[in-house]
Amino acid sequence: MRVSKYILPTLKENPSDAVVLSHRLMMRAGLIRKESAGMYAYLPIGLRVLRKITGIVKEEMDRAGAHECLMPEMTNADYWKESGRWETMGPEMIRITDRNGLEYSLGPTHEESFTNLVRSVISSYRDLPLNLYQINTKFRDEIRPRFGVIRSKEFIMKDAYSFDIDQAGLDASYNAMSMAYRRIFDRCGIATIPVQADSGNMGGSASEEFMVASEIGEETLLLCDKCEYRANSEKAEYTRGEVKSESAVEELKEVLTPDVKTIEDLVKFFKCDEDKFLKSVIYVADGKPLMVVVPGSREVNEHKLKNFIGALELDLANDEVVEKVTGAPFGFAGPVGIKDARIVFDISVKNMVNAITGANKKDYHLSGVNPVRDFNIKEEADITSARAGDICPKCGSPMYEKKGIEVGHIFKLGYKYTKAMNLTVLDEKGASITPIMGCYGIGVNRTMAAAVEQNNDERGIIWPKSIAPFQVHLIGIAKTDEETAAVEPAEKLLDTIKEYL
RNA sequence: CGGGGCGUGGCUCAGUCCGGUAGAGCGCGUGGUUUGGGACCAUGAGAUCGGAGGUUCGAAUCCUCUCGCCCCGACCA
């Protein structure tokens with residue numbers, strides 16, 4: 001391949017719409033061009049890199065016993081309706097209707113497709129375990145595409161789905177993927193941090209994310225160097241502090257607090273620590289009001305909360321609902337005296353002594369509030385987010401935070417799709433059993449961007465050898481006619497090199 | 001969807017406030033000179049100023065609508 005015959009449109013200046021480093025470098029090096037927001041074209045040199053990465057992915061997936069397929073990108077709505085996700089996926093899924101009025105989705109993920117495929121081709125436990133994968137384009141109507149190829153509406157993903165006879169089989173399939181993923185990212189020359197993750201609305205139990213540490217990462221990780229506890233903030237647990245053996249329990253007292261609504265206001269007004277307050281937040285969970293009570297300095301972790309209450313939809317309540325639940329305008333909510341709403345407390349609340357909280361009455365707060373005496377804790381759970389400095393749940397050392405880009409994610413899915421779509425096989429006794437699933441994704445083009453993000457200097461991209469677009473660049477430096485004659489040996493050298501590559 | 005910003009040759013931008021019919025640098029073509037670490041000189045091509053409507057003798061510039069793009073937020077396998 002000659003550079004002179006190649007198309008390699010480099011740019012000297014940063015394109016005005018590229019902000020992050022990988023996006024800029026990928027544009028300037030002529031790897032990609034934008035077609036429109038969240039959609040990118042890969043030029044020959046960019047495609048070469050992409051192919052190098054997919055090559056590694058394939059080798060490792062095959063080595064782990066998975067088999068490659070290729071599924072339609074336009075998927076029949078019927079399957080989504082079977083699994084129930086036609087309703088639950090929401091506007092993120094791009095839906096289209098053909099001329100006959102049939103509905104389709106541009107596949108944002110392929111659990112349904114693979115489950116449907118597998119149920120049509122296997123019928124015996126002897127066909128299991130089975131792990132099928134594809135490398136294909138995915139479509140998601142992202143609210144806001146960002147960072148070039150890192151968060152785009154159309155992207156390339158390797159997605160694999162395992163089917164096993166039982167939990168032990170799933171564990172084995174999952175572990176095989178966990179190992180394969182480590183090898184894949186390692187071979188791509190990028191350092192990843194595997195973390196425990198929330199499995200979100202994919203359903204399922206265990207889940208591990210492969211993160212590339214980066215300032216522009218959209219996820220926050222909590223890490224402990226002492227014991228290697230690693231989790232993303234949606235999932236991260238932390239140990240609550242010791243009970244403070246504070247002085248005497250105070251009387252419950254109403255305090256006039258005009259216009260003091262936020263924790264910030266309260267800190268100024270009462271001149272004490274944020275954690276002296278009980279923060280009460282009103283949500284609407286699947287249509288029903290819900291009060292959530294956490295220490296003043298803490299944020300409600302909506303992922304944890306959603307999992308705990310088993311809700312599909314969770315939104316902050318509007319002023320009207322707040323008023324209905326608490327009998328007071330926004331800013332004066334508290335757990336004392338609430339009768340008609342479900343209340344979930346963070347597990348740290350029970351240890352609080354003489355707290356201050358909203359009185360459920362306009363312009364009043366209560367001080368000297370104590371659990372049990374002043375309100376019952378019927379339901380409590382870990383529903384707040386861990387943050388830097390919090391105590392590691394495993395070893396008790398303080399944790400720290402890092403931002404990360406998610407490049408891979410593996411889940412134990414469970415029976416959600418096999419049950420909903422009625423995938424069964426016969427076991428050795430001839431009885432019908434439902435296989436259990438796992439699912440395993442790698443953002444291929446995101447991995448490419450992450451590699452660039454992680455390997456560069458002021459002069460540009462420094463490709464890890466395994467995914468570099470080219471291995472050798474032969475430069476002829478002939479000037480004079482006689483020297484030009486030497487081009488021939490260069491050609492020969494090129495042929496020789498080709499043989500060894 | 002809320003807030004902010006931007007659309008002018010291939011790229012980066014000036015001109016817009018104070019209407020008079022388009023400019024620079026880079027890149028690109030051609031000719032020449034040069035040449036051992038991203039050359040220089042000359043010359044040239046290339047823009048109905050995102051689109052539509054309006055005001056005006058006259059609109060890149062003013063007004064209305066519209067499309068696209070970027071940033072922050074909400075949100076997000």
Side-chain angles (χ1 to χ4, degrees), chain A residues 3 7-20 23-24 27-30 33-40 43 80 83 85 88-94 105-114 136-148 150-161 197-204 207-211 216-220 232-235 299 302-303 306 313-316 318 405-413 416-417 437-444 446 458-460 473 475-481 483-484 486:
Chain A
V3 174
I7 177 74
L8 186 51
T10 56
L11 299 169
K12 290 200 173 179
E13 292 178 82
N14 286 322
S16 60
D17 55 4
V19 177
V20 304
H23 188 194
R24 288 179 166 175
M27 293 284 289
R28 291 179 56 183
R33 278 295 131 97
K34 184 168 73 182
E35 159 136 350
S36 72
M39 285 171 275
Y40 289 84
L43 280 66
W80 294 91
S83 72
R85 286 160 108 193
T88 57
M89 278 300 268
E92 196 185 7
M93 185 156 80
I94 297 175
S105 125
L106 289 181
T109 175
H110 280 81
E111 282 77 7
E112 283 81 356
S113 294
F114 274 97
N136 206 350
T137 302
K138 296 276 184 276
F139 301 86
R140 286 184 198 171
D141 190 356
E142 291 288 345
I143 291 178
R144 179 146 92 92
R146 238 191 281 225
F147 304 149
I150 289 177
R151 177 159 232 98
S152 51
K153 284 185 177 169
E154 188 184 313
F155 58 99
I156 300 162
M157 179 159 126
K158 187 282 308 179
D159 50 326
Y161 305 86
D198 181 58
S199 40
N201 59 17
M202 302 293 290
S207 164
E208 192 175 32
E209 282 178 348
F210 291 79
M211 312 293 301
I216 62 159
E218 296 181 271
E219 298 207 33
T220 304
N232 80 15
S233 63
E234 294 171 0
K235 164 95 177 187
E299 297 301 323
E302 295 184 2
H303 296 273
K306 231 167 151 176
E313 270 194 69
L314 183 72
D315 291 301
L316 274 177
N318 57 28
I405 301 167
E406 178 189 355
V407 289
H409 199 164
I410 61 178
F411 297 85
K412 288 183 185 173
L413 262 186
K416 178 169 173 176
Y417 300 95
M437 279 175 78
C439 106
Y440 319 93
I442 289 179
V444 177
R446 184 183 275 189
E458 67 285 348
R459 289 185 297 184
H473 188 181
I475 302 171
I477 53 171
K479 291 277 182 336
T480 63
D481 286 350
E483 283 173 340
T484 306

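Order of the sequence lines fixes the chain letters, A, B, ..., with proteins taken first and strands second; residue numbering starts at 1 for each chain.
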Nearest whole angstrom, please: distance from the [atom2] of [N] to the [atom1] of [X].
X: Phe139(A); N: C76(B); atom1: CZ; atom2: C1'; answer: 18 Å
X: Glu13(A); N: A14(B); atom1: CD; atom2: C1'; answer: 14 Å
X: Leu11(A); N: C13(B); atom1: CG; atom2: P; answer: 12 Å
X: Lys306(A); N: C76(B); atom1: NZ; atom2: C1'; answer: 10 Å
X: Glu219(A); N: C76(B); atom1: CD; atom2: C1'; answer: 9 Å

Charged N-O contact under 4.0 Å between Arg85(A) and Glu112(A):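 Looking at Arg85(A) and Glu112(A), the cut-off is met.
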If you measure from the [atom1] atom in [N] to the same atom in [M], how many Å do you get, rounded?
N: A24(B); M: G44(B); atom1: P; answer: 12 Å
N: U66(B); M: G2(B); atom1: P; answer: 13 Å
N: G9(B); M: A60(B); atom1: C1'; answer: 14 Å
N: A45(B); M: G31(B); atom1: C1'; answer: 15 Å
N: C65(B); M: G73(B); atom1: P; answer: 29 Å
N: A39(B); M: U34(B); atom1: C1'; answer: 7 Å
N: G19(B); M: U56(B); atom1: C1'; answer: 9 Å
N: C6(B); M: U64(B); atom1: P; answer: 16 Å

Side-chain donor-acceptor pair present, Ser207(A), Glu209(A), cut-off under 3.5 Å: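 Result is no, nothing qualifies.
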Touch class at under 4.0 angstrom, heavy-atom based, for Asn14(A) against every strand present: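 Contact class for Asn14(A): sugar-phosphate only.
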Could you list the protein-to-nucleotides 70-75 of chain B atom pairs, N/O on both sides, closer than 3.5 Å?
residue	atom	partner	partner atom	Å
C71(B)	OP2	Arg144(A)	NH1	3.3
C72(B)	OP2	Arg144(A)	NH1	3.1
C72(B)	OP2	Arg144(A)	NH2	2.4

Contact under 4.0 Å: Lys12(A) side-chain N or O vs G27(B) OP1/OP2: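 It does, given that an N or O in the side chain of Lys12(A) lies less than 4.0 Å from OP1 or OP2 of G27(B).
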